[in-house]
Protein chains: 2
Amino acid sequence: MADINPSNKIPARPQKGLYLRKQDLRRGIELMFFAYRDFTGEADDVLAELGLGRAHHRVIYFVGRQPNMTVSDLLTILKITKQSLSRVLSHLVAEGYIRQEQGARDKRQRLLSLTYRGEDLEERLTDLQCKRFAAAFSACGGEAVAGFQDVLANLINEDERAALQARYPDLFE
Amino acid sequence: MADINPSNKIPARPQKGLYLRKQDLRRGIELMFFAYRDFTGEADDVLAELGLGRAHHRVIYFVGRQPNMTVSDLLTILKITKQSLSRVLSHLVAEGYIRQEQGARDKRQRLLSLTYRGEDLEERLTDLQCKRFAAAFSACGGEAVAGFQDVLANLINEDERAALQARYPDLFE
DNA sequence: TATTATTGGTCAACATGGCTGACATAAATC
DNA sequence: GATTTATGTCAGCCATGTTGACCAATAATA
């Protein structure tokens, strides 16, 4: 019997690449949700024991990465309002995780850095997340890691990607 | 002048693979943060106009993906408390995005599905995120997409990954 | 069958961390 | 010097997590 229906062989739409089917794009959405949920989960548990939350973690992480940064710097990275940041930051200063010094050039600025206590916590949290990445990277291999980095970089807003590249030259290799 | 310090040529630690250096793992952390932030940003804006939040989006997305699912099903996916879910869900039902029917086999259950209004919103939001993925995937190519999927899958908790595989067989190819 | 345990869901109250608005102070500009 | 701009704070609102107490339907068991 002849194959009357050509749809068995010829795709209905022009084939732009198998990874661009709706199903594959939805898989991207779902993997991002599940991976992010678990990626942050362990650190959240540690933070909860200390009476801190994910917002505190972000501040500690980025201040640790770039000591003596200003509040404004943090705001452009976190993309939250300075009022939101202020609450979290005040808490971290009060609890002795973060130290702030008045800026020499501009006295309005408060330069942020981690105390020893802050460094300890940062290391503990970062180690947790790094271990997860090390396991995943090991399981997948270098090619996959490169692809992972490439896709994530391209999910970032274009203008934002340029700004990040200027701030963190090694973020995109 | 002879090269006295060998650290210029010989790595301090055994070389487990270039993508497992601390720097690369931290890049993973940072890319996840920035990519997730922007990946959710556009949809958040649409939701905000409708007086909804990201929590509502998650419910709409997963109910759309699997109509007639129960509240319990949703809970195991979202990993939040049923009290949290209840508030969001009640709101969505009140606003006419979601319909709930009593379960036939078990009258305690309420089977969830999208109304036409809910379907419209789901499509609008999913399209936004799919477009972002389509652009990123196109820019990076199929190899990168495969690596992206592989790494994300391996970032998910192992037990959870098994459970997801059972629920969504096509999530991991 | 009657009782008990489990499962599915709701209501109330609290905490975190977003948000806006009003404001103080330092610096830059006119 | 007066105004404008930038940095940061305080107060209060809202969304969305949390726990605890509870009700109803079903399943398990004495």
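As a basis for the values below, the full set of heavy atoms in this structure was taken, side chains included, without hydrogen atoms, waters or symmetry mates. Residue numbers start from 1 in every chain, and the chains themselves are labelled A, B, ... in the order their sequence lines are given, proteins ahead of strands. No experiment lies behind these values; they were computed from the predicted model shown.
With hydrogens and angles ignored, a donor-acceptor pair under 3.5 angstrom links the side chain of A/Q83 to the base of C/dG21. Residue side chain B/R87 reaches the base of D/dG17 through a donor-acceptor N/O pair under 3.5 Å, judged by distance alone.
When the P atom of D/dT9 is taken as reference, atom CD1 of A/I80 falls 13 Å away, rounded to whole Å. Rounding to whole angstrom units, CG of residue B/L74 and P of C/dT10 are separated by 12 Å. We find that CG of A/L89 is positioned 16 Å from P of C/dT16, with the value rounded to whole Å. B/H57 places its NE2 atom 16 Å from the C1' atom of D/dA15, with the value rounded to the nearest Å. For the pair B/D73 CG and C/dG9 C1', the interatomic distance rounds to 14 Å; values are reported in whole Å. Straight-line distance from the CG atom of A/L52 to the C1' atom of D/dG17: 16 Å, rounded to whole Å. The distance between atom CG of B/D44 and atom C1' of D/dT16, rounded to the nearest whole Å, is 13 Å. Straight-line distance from the CG atom of A/L75 to the P atom of C/dG18: 11 Å, rounded to whole Å.
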Requested in this report: Let me have a per-nucleotide readout for nucleotides 1-8 of chain C, 5' to 3', with B, S or -, counting only protein heavy atoms under 4.0 Å.
Outcome: ------BB
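The distance between the ring centers of B/F33 and A/F62 falls below 6.0 angstrom.
By the neighbour-count criterion of 12 heavy atoms within 6.0 Å, atom CD of A/Q66 is densely surrounded, having more than that number from other residues, nucleotides or ligands. Counted within 6.0 Å of NZ on B/K131, heavy atoms from surrounding residues, nucleotides or ligands total 12 or fewer; the atom is thus considered open.
Note on B/H56: every side-chain N or O is 4.0 Å or more away from OP1 and OP2 of D/dA15. Residue B/S86 places at least one side-chain N or O closer than 4.0 Å to OP1 or OP2 of C/dT10.
Put simply, B/L111 and B/V59 are part of two different groups of oily side chains (I, L, V, M, F, W, Y) that touch within less than 4.5 Å, one to the next.
Taking 4.0 Å as the cut-off between side-chain N and carboxylate O, A/E123 and B/K22 do not count as a salt-bridged pair.
Ring-plane geometry between A/F137 and A/F148 is classed as perpendicular, the angle between the planes exceeding 60 degrees on a 0 to 90 degree scale with a lower cut at 30.
Sequence neighbours left out, the pairs with a member in residues 68-77 of chain A that pass salt bridge (Lys or Arg N to Asp or Glu O under 4.0 Å) are A/D73-A/R167.
Here B/H91 lies out of heavy-atom contact (under 4.0 Å) with every strand.
With DNA chain C read from its 5' end, the first of the two nearest nucleotides for A/Q102 and A/R58 is the one closest to A/R58. Along DNA chain C, the nucleotide closest to A/R54 and the one closest to B/Q100 are compared, and the more 5′ of them pairs with B/Q100.
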